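Structure first, then comments.
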There are 2 protein chains.
Amino acid sequence: MDMKIAEDQGIDLGGRVKGLRGRAGFTIKEVAARSGISPSAISKIENNLLSPTYDNIIRLAQGLGVDISELFSSTRKQAPHGRRSLTRAGQGDYIRTRAYTLEMLCSDLTAKRMQPMKARLRAHEAREFGTLVAHAGEEVVLVLRGQVTLLTEFYAPVTLEEGDSVYFDSTMGHALLSAGSEDAEIFWVCAADQSLTFEEAPPDSP
Amino acid sequence: MDMKIAEDQGIDLGGRVKGLRGRAGFTIKEVAARSGISPSAISKIENNLLSPTYDNIIRLAQGLGVDISELFSSTRKQAPHGRRSLTRAGQGDYIRTRAYTLEMLCSDLTAKRMQPMKARLRAHEAREFGTLVAHAGEEVVLVLRGQVTLLTEFYAPVTLEEGDSVYFDSTMGHALLSAGSEDAEIFWVCAADQSLTFEEAPPDSP
DNA sequence: GCATCAAGTTTCCTAAAGGAACATATTGTT
DNA sequence: AACAATATGTTCCTTTAGGAAACTTGATGC
């Protein structure tokens with residue numbers, strides 16, 4: 001008696017493959033011919049008797065004529081429903097970098113889609129900053145106090161006044177400076193691709 | 001004499017994993033602990049000596065803290081690189097709903113990962129609001145002016161003062177009210193997963 | 001210098017992937 | 001009903017995935 005695999009993760013690749021194949025109107029043989037995988041292996045995959053390797057996952061997606069993401073939980077891991085985190089003014093976690101003093105907000109929540117911060121911009125000149133920073137994701141900035149200069153790789157510098165907001169792609173090099181004599185303060189939200197989803201991956205031990 | 005695999009498809013999973021791991025600052029052992037895969041297997045994967053199975057691909061992505069699509073080349077949702085949008089104070093697009101007056105910011109950019117808004121909360125009583133709203137995504141709120149009451153499905157109401165911020169999962173029913181006598185004003189960022197990267201999957205019909 | 005510890009690799013072995021051929025549904029045709 | 005037809009499942013077997021532990025390699029003490 002063979003044991004089923006992979007279903008214990010709640011993924012059910014087999015059902016997904018069977019569904020995609022059925023919707024496309026292919027037989028197992030056809031998918032086998034189109035993918036280069038043997039019919040027997042495809043049958044086993046559909047019955048969750050076999051966990052295909054990386055190479056065969058790529059071939060299988062080709063054979064089914066679907067995007068690879070269709071073979072993985074397209075319903076992205078649903079974040080925990082119903083979380084809430086409150087940070088009172090000034091009560092965040094402070095981090096001091098070369099150019100910024102950051103107050104990380106709601107940092108008790110992990111695996112967030114966004115990271116909100118307040119920042120004091122201590123740099124007033126571009127040279128204080130060094131090179132522009134670039135990383136995956138997108139950012140929103142609202143000026144809370146003072147004037148802010150936004151430097152970006154592909155645009156001329158622009159100065160923001162209190163209440164102004166800006167949205168930009170952070171894969172583009174960027175830096176924020178105080179434009180006035182005082183340090184400016186901003187509200188800053190970053191959306192990162194790869195939120196640090198620290199999740200245990202415990203095999204269910206019976 | 002071992003042969004390399006998978007590279008013949010031009011995918012180079014190993015290099016990709018190595019890059020992702022390096023960027024995240026993990027050691028092989030750390031990824032092993034986070035993923036539940038043995039260090040030796042991860043080493044082999046990085047050197048293209050082993051093609052991981054479906055289950056281990058999922059675990060590996062978890063261990064690296066990245067989305068599965070990061071491990072496949074084809075499925076790169078291309079975010080436009082280098083966009084920037086500026087909205088001066090008061091110059092957003094105004095939308096008036098039953099309980100809010102919203103100023104949509106940076107609305108000239110489409111396919112954003114986040115939607116920033118300013119909102120005036122015109123409702124002062126829960127009954128003015130009706131039922132709680134719930135939708136996919138996560139939200140950040142910063143109180144700019146006045147006092148705000150946040151009603152949520154699973155928590156007791158809480159009152160926020162100026163400068164306070166809150167993060168919550170918007171799949172949980174929620175509503176925002178002005179707690180003081182004046183209408184409160186907030187900065188509001190919503191992250192929705194609208195990343196509908198749907199691709200044609202045309203079977204070559206004979 | 002040697003000892004030590006950490007990061008990564010290799011070896012050895014077992015358990016699982018996956019192909020070829022066979023076995024069993026399932027469906028249509030007379 | 002029997003008989004083809006094809007579609008799917010199973011068995012047997014070889015190759016490969018992947019874990020445990022031994023082995024490099026490199027950096028840091030003493």
Side-chain angles (χ1 to χ4, degrees), chain A residues 1-9 11-64 68 71-72 201-206, chain B residues 1-9 11-64 68 71-72 203 206:
Chain A
M1 176 68 68
D2 297 306
M3 276 275 287
K4 292 197 174 182
I5 58 174
E7 268 191 332
D8 47 1
Q9 308 212 349
I11 302 282
D12 187 27
L13 173 66
R16 190 168 302 230
V17 170
K18 205 173 274 188
L20 289 167
R21 182 171 65 82
R23 221 170 302 154
F26 291 133
T27 68
I28 286 188
K29 261 188 201 160
E30 286 173 312
V31 174
R34 291 164 50 96
S35 64
I37 307 173
S38 70
S40 68
I42 293 174
S43 170
K44 288 170 196 166
I45 291 168
E46 289 194 350
N47 292 293
N48 287 319
L49 296 170
L50 178 154
S51 177
T53 57
Y54 184 79
D55 320 74
N56 274 353
I57 289 168
I58 293 172
R59 294 202 194 96
L60 183 59
Q62 286 180 349
L64 290 167
I68 288 173
L71 298 179
F72 292 88
D204 49 355
S205 40
Chain B
M1 167 145 342
D2 297 305
M3 275 275 285
K4 293 198 174 180
I5 56 174
E7 269 192 331
D8 48 1
Q9 309 212 349
I11 303 282
D12 188 27
L13 172 67
R16 189 167 302 231
V17 170
K18 205 173 275 188
L20 290 167
R21 181 170 65 81
R23 224 169 298 154
F26 290 134
T27 66
I28 285 189
K29 266 186 197 158
E30 286 173 313
V31 174
R34 290 165 53 96
S35 64
I37 307 173
S38 71
S40 67
I42 293 173
S43 171
K44 289 171 197 165
I45 290 168
E46 288 194 351
N47 292 295
N48 288 317
L49 295 170
L50 179 154
S51 178
T53 57
Y54 183 80
D55 320 75
N56 273 354
I57 289 169
I58 293 171
R59 294 202 194 96
L60 184 59
Q62 285 183 349
L64 290 168
I68 307 244
L71 298 178
F72 293 89

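Since this is a predicted model, take the numbers as computed values, not measurements.
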Closest heavy-atom pair, K18(B) versus E46(B), reported as atoms and distance to 0.1 Å, is CE-OE1, 3.5 Å

Exercise. Between F72(A) and Y54(B), what is the ring plane arrangement, given parallel below 30°, perpendicular above 60°, and tilted in between?
Worked result: parallel

Taken to the nearest whole Å, CG/L60(B) to P/dA17(D) is 14 Å

Taking T27(A)'s backbone N and O only, do any of them form a donor-acceptor pair with E30(A)'s side chain (distance below 3.5 Å, no angle check)?
yes

**Message:** Is there a side-chain contact between T53(B) and L50(A) in this structure, where contact means two heavy atoms from C-beta onward sitting under 4.5 Å apart?
**Reply:** no

When rounded to whole Å, the CG to C1' distance for the pair N47(B) and dT24(D) reads 14 Å

Quiz prompt | Close side-chain approach of L13(A) to P52(A), heavy-atom, < 4.5 Å | solution = yes

Atom CD1 of I28(B) and atom C1' of dG19(D) are separated, to the nearest Å, by 15 Å

Taken to the nearest whole Å, CG/L49(A) to P/dT11(D) is 10 Å

Tightest non-hydrogen contact, residues A32(A) and S38(A), listed as CB-C, 4.1 Å

To the nearest angstrom, the CD-P distance between E46(A) and dT10(D) comes to 12 Å

Under a 4.0 Å heavy-atom criterion, the protein footprint on nucleotides 18-27 of chain C, written with B, S and -, is BBBB------

Between CG of D55(B) and C1' of dT16(D) the distance, given in whole Å, is 15 Å

